[in-house]
Amino acid sequence: MPTRDSVYSPLTVWQTLVVTTAITFFAGEFGPAGRWLVVGVLALALLKGSLVALHFMELRHAPTVWRLSVLGWLWLVVLGIVGAYLKGMP
Amino acid sequence: MSSSRTSSSSLVLSTPRVLQGDIAVWIFLLAELLAFGVFFLAYAFARARNPGLFDAEQAGLDRQSGLINTLLLVSSSALVAQAVAVVRRAGADASQRAAAALLGAIACGLGFIVVKGHEYAAHFAAGMELSSSTFSMFYLGLTGFHFFHVVLGLVVLVVLWRQTAAGVYRPGDANGLESGAAYWHMVDLVWLVLFPLVYVMH
Amino acid sequence: MSGVFTKSMARNVFYGGSVFFFLLFLGLTFDTVRALPKRDMRQNITPLVAEGKKVWETRNCIGCHTLLGEGAYFAPELGNVVTRYGEEGVKAFITSRPVDGIPGRRSMPQFNLTERELEAITAFLKHVSTIDTAKWPPNNQG
Amino acid sequence: MQYSSQAVAKPYFVAAIGLFVGQIIFGLIMGLQYVIGDFLFPAIPFNVARMVHTNLLIVWLLFGFMGAAYYLVPEESETELWSPKLAIILFWVFLVAGALTVVGYLAVPYATLAKMTGNDLLETMGREFLEQPLPTKIGIVVVALAFLFNITMTVLKGRKTAITSVLLLGLWGLAIFFLFAFYNPVNIVLDKMFWWYVVHLWVEGVWELILGAMLAFVLIKITGVDREVIEKWLYVIITLTLVTGLLGTGHHYFWIGTPEYWQWVGSVFSALEPIPFFALTVFAFNMVNRRRREHPNKAATLWALGTGVMSFLGAGVWGFLHTLAPVNYYTHGSQITAAHGHMAFYGAYVMVNLTMISYAMPLLRGRQANSEKSQVLEMWSFWLMTVSMVFITLFLTAAGILQIWLQRLASDPQPFMVVQDQVSLFYWMREWAGVIFLIGLLAYLASFFVGGRPAEARAS
C-alpha cells in the first residue's frame with residue numbers, strides 16, 4: 001500500500017499551530033476587545049482546526065463524507081459563535 | 001481494501017481514499033464533536049444574553065495557563081501524528097522511535113492535567129462551583145467535560161504506547177494506533193475552539 | 001465509506017464510551033446531591049410533612065395528579081396547589097368529595113382522611129410548593 | 001427451533017400477549033373516563049385503572065423480554081438452557097405474583113392494600129410505575145435474579161456472541177436499576193431523582209440494549225446477513241444509546257428541584273438521543289435490503305422494520321419535540337408527555353416484543369412460518385395497531401398543544417378542569433383510535449389460530 005505521507009511533516013504543522021496560538025494569546029492579552037478580536041481569534045481557530053483535521057487526522061486522504069463532516073462541524077461552530085457574538089454586541 | 005488509481009495525467013500514484021483508524025471510532029468522534037459543538041453554541045448564545053457578566057467573570061480566568069495548555073495539547077497531538085508517521089514508514093527501530101514519540105505525547109498530556117488541575121484548585125478554593133453562576137456553570141462544565149476527555153485519551157495513549165513499544169503495529173496494520181490517534185486529535189481540535197471561545201474572546 | 005471497521009474496535013468504543021459517560025453522570029449526580037440542600041428546603045421537613053408524604057403515597061394520588069409535573073395527567077398539578085387555593089381550601093376540597101362522585105364529571109374519591117392525615121397531606125403539599133423548581137410551573141394554574 | 005429447551009419461551013410469549021390484551025382493555029376504560037368522568041366510579045377510580053394499565057404494560061414487556069432471552073440464548077450459545085425447570089417455576093411465580101397484585105389493586109382500596117402488605121415496614125408504594133406492594137417488589141427481584149442466573153449459566157457454558165453479551169448487559173442492568181425502587185427517601189427531590197434511575201435508565205438505557213440484541217438476533221435469522229456485520233453495527237448503535245442516554249437523564253432534572261445546570265446537560269444530550277434510533281432504522285432497512293435469503297416469515301420482517309421506524313418516530317422525534325428545557329418548561333406534565341409516552345413505548349418495546357413473538361412462535365409450533373393467510377391477517381394487525389397508535393399520539397399532541405395554550409401560554413390562563421373540558425373532543429377521538437388498536441390486537445391474536453399450509457422459503 002503506497003505510504004500516505006502528509007504534504008507537510010508534523011513538525012511544520014506543529015510550528016504553525018504554536019505561532020497561531022501565541023498570536024491568539026497576545027491578541028487577547030493586549031489587543032483591543034470587541035469585534036475584531038473575536039473575528040480574528042476565531043479565524044485563527046478555523047485555521048488551526050483545519051490543520052489538525054487535514055494533517056494530523058489525515059482527513060486530506062479520507063473519503064469526502066468524513067472530511068466534510070469534521071470541517072463542516074468546525075465552520076458551523078465557529079460561524080455560530082461569531083453570529084452569537086455579533087447578536088450580543090451592545 | 002481500496003484500489004490505487006494511476007491516472008495518466010499525474011505521475012504520482014494518487015493516494016487511496018482511506019480513513020485514519022476505525023469507522024466505529026469515527027462515529028463516536030462525530031457524536032462527541034456534535035455534543036461539544038452544541039455546548040459551544042449554547043455558551044455563545046448564553047454569553048450573547050449577558051456579555052457583561054461573562055466578560056467580568058472571564059477576567060477571573062488565568063489566560064496564561066490556558067495558553068500553556070493549548071501549547072501542550074498541540075505538541076502532544078503533533079507527537080502522536082509523528083508516531084503514526086514513523087510506524088507507517090517502518091524504518092530501523094521504528095517501533096522504538098514511535099513509542100518515544102507517544103511517551104512525549106503522554107508527558108504533554110499529563111502536563112495539561114497538572115496545569116488544569118492547578119487552575120481548578122484555585123477556582124474551587126475561591127468557592128466557584130457548577131451552580132454558582134451561569135458563567136461558572138459553562139466554564140466548569142465545558143472545560144470539565146473536555147478535561148475528562150483528556151484523561152480518557154491519556155489512558156488510550158498509555159495502552160497505545162505499550163502496544164507500540166511491543167512492536168505490535170506495522171505499516172498497513174496499525175488500526176488501533178490510528179484510531180487512538182484520531183480520538184486524541186479530536187480532543188485537541190475541540191480545545192482549539194474552546195480556548196479562544198472561553199479564555200480569549202471578550 | 002472505505003476504511004477499516006472491526007467489531008473488536010466497536011466493542012472497545014462501546015465499553016470505553018459507556019463507562020466514561022456513566023462516570024460523568026455519577027460525577028454530576030454527586031455534585032447535585034451536594035448542592036441540593038440549598039434548593040430542596042429539607043430543613044422544613046417535619047415529621048408531619050413525612051407523614052403527609054406517606055398519606056400521598058398510600059392513597060396513590062400520583063395515579064391522577066402530577067407533582068412537580070410528574071405523574072398522571074387526569075387531575076391538576078398539586079406542586080403549587082397550596083399557593084393556588086390556600087391550606088384551608090385544600091382541606092375543604094378533600095373533605096367535601098362526594099362518595100359517589102359527580103354525575104358525568106371526573107371526581108376525586110372520598111378518602112375519609114382523619115384530621116391528622118388531613119393536616120399531614122396539606123403540610124406535605126405546602127412543603128413541596130417551597131422547593132426551588134427553577135420557577136416552574138409557568139403560572140398559578142400549574 | 002434447534003434446542004428443545006427453547007420451548008420454555010412459549011408460555012412466556014402467551015402470557016405476554018394475554019397481559020397485553022388486559023393492558024389495552026384498561027387503557028380503553030381510562031380513555032373513556034377522560035370523557036365520561038364518572039365511568040365505573042367509585043368501583044374502579046382512574047388511579048386504580050391507571051396502575052393496572054401501566055403495571056400490566058411493564059409486566060407483559062418483561063415477560064416478552066424473558067421469553068425472548070429463553071428463546072435466543074440457547075440458539076446463540078449453541079447449548080441447552082441451564083435449567084428449563086427453573087424457567088417454568090419462575091414463570092408461574094411471576095405470573096401469580098402479577099395476577100395477585102392486579103387483584104389487590106382492584107379488590108381493596110390502595111391504602112388498605114398498603115397496610116396489608118407491610119408498607120409500614122418499608123414504604124415503597126405510591127410512586128408512578130412502582131405502585132406494587134412490597135412482597136411483589138421482592139418477588140420481582142427474586143424472579144429477576146433467578147432468571148439472570150439461569151440465562152448467565154447458559155451463556156457461560158456455551159458460545160459467547162455479541163448478541164448474548166449485549167442482552168446480558170441489558171438484563172443485568174435492568175435488574176440492578178430496579179433496586180432503586182426500594183429507595184424512597186422522605187425528601188421528595190431525592191425520591192424523584194433516583195426514581196428516574198428505575199424509569200429513565202430502563203427505557204432510555206438498558207432496555208435499548210435489550211431491544212438492540214433482540215432485533216439483531218431476528219435480523220440475522222431473517223436476512224441471513226453475516227453475523228459480523230450485524231454485530232458491529234449493534235455495538236455502534238448501543239454506544240450511541242448510552243453515550244446520549246446516560247447524561248440524557250438530565251431532561252428529567254429540569255423542574256424537580258435539582259440544580260439548573262441540568263437544563264443545559266439534559267437538553268444537549270437528550271437532543272442527541274434520537275440518533276441511535278435513526279441509526280437503528282437505517283441499520284434495519286440496510287440489513288433487509290442486503291438480505292441473502294427470502295425468509296418465509298414476512299410478518300416478522302415487517303415488525304422488525306416497523307420497530308425501527310416507530311421507535312425513531314415515537315421515542316426519537318416525539319421525544320425531541322419536548323426535550324429542550326425552554327420548550328419543556330411549557331410542555332412538562334401535559335398531554336404532550338402522554339403522547340410521547342404512548343408512541344415511544346409502543347414503537348420501541350411493544351413492537352420489538354411482537355417482532356420476537358411473530359418470529360419465534362411459528363418455530364415453537366414446529367414450522368418456519370405461518371400460512372400466507374395467517375401472515376396477511378398479522379400484517380393487517382400490524383397496520384391497524386401502528387396507525388391507530390399514530391393517531392392516538394396525534395390526538396394527544398393536539399390536546400397537549402391546546403392545553404398548554406389555554407392553561408399556560410394564554411394571557412389569562414384557565415384552570416386545569418376548564419381546559420380539560422375544552423379539549424375533550426381530542427380525548428373522544430383518542431378513544432376511538434384506542435378501539436381500533438384493540439381490533440388490531442385481536443386480529444394479531446386471531447392470526448395465531450388461522451390454519452393453512454405454512455409458507456415456504458422461496459429461493460432468493
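Chain A is the first sequence line, chain B the second, and so forth, proteins listed ahead of strands; every chain is numbered from 1. Below, each value reflects all heavy atoms present in this structure, side chains not excepted, and no hydrogens, waters or symmetry copies.
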Inset, instruction - Report the C-alpha distance between B/Leu130 and C/Leu28 in whole Å, list the side-chain angles of each, state the deciding distance to 0.1 Å, and finish with yes or no for side chain to side chain contact (heavy atoms under 4.5 Å, CB included). - result: CA-CA 9 Å; B/Leu130 266 177; C/Leu28 283 178; 3.6 Å; yes
Inset, instruction - Would you check if the side chain of B/Asp22 reaches a backbone N or O of C/Thr6 as a donor-acceptor pair within less than 3.5 Å? - result: yes
Legend entry - Residue C/Trp56 excluded, over 12 heavy atoms near CH2 under 6.0 Å: yes
Inset, instruction - Check whether C/Lys38 gets within reach of chain B through its side chain, its backbone, both or neither, counting any heavy atom under 4.5 Å. - result: side chain
Inset, instruction - State, to 0.1 Å, how close B/Phe148 and C/Phe20 come at their nearest heavy-atom pair, and which atoms those are. - result: O-CE1, 3.1 Å
Inset, instruction - Might you confirm whether atom NZ of C/Lys126 has over 12 heavy atoms from other residues, nucleotides or ligands at distances under 6.0 Å? - result: no
Legend entry - Straight-line distance of B/Ile27 CD1 to C/Phe5 CZ, nearest 0.5 Å: 5.0 Å
Inset, instruction - Quick one: pull up CG in C/Asn12 and OG in B/Ser179 and give me the separation to the nearest 0.5 Å. - result: 9.5 Å
Legend entry - Residue selection (most heavy-atom pairs with chain C, distance under 4.5 Å) from B/Val151, B/Val155, B/Val25: B/Val25
Legend entry - Interface moiety of C/Ala10 toward chain B, non-hydrogen atoms closer than 4.5 Å: both
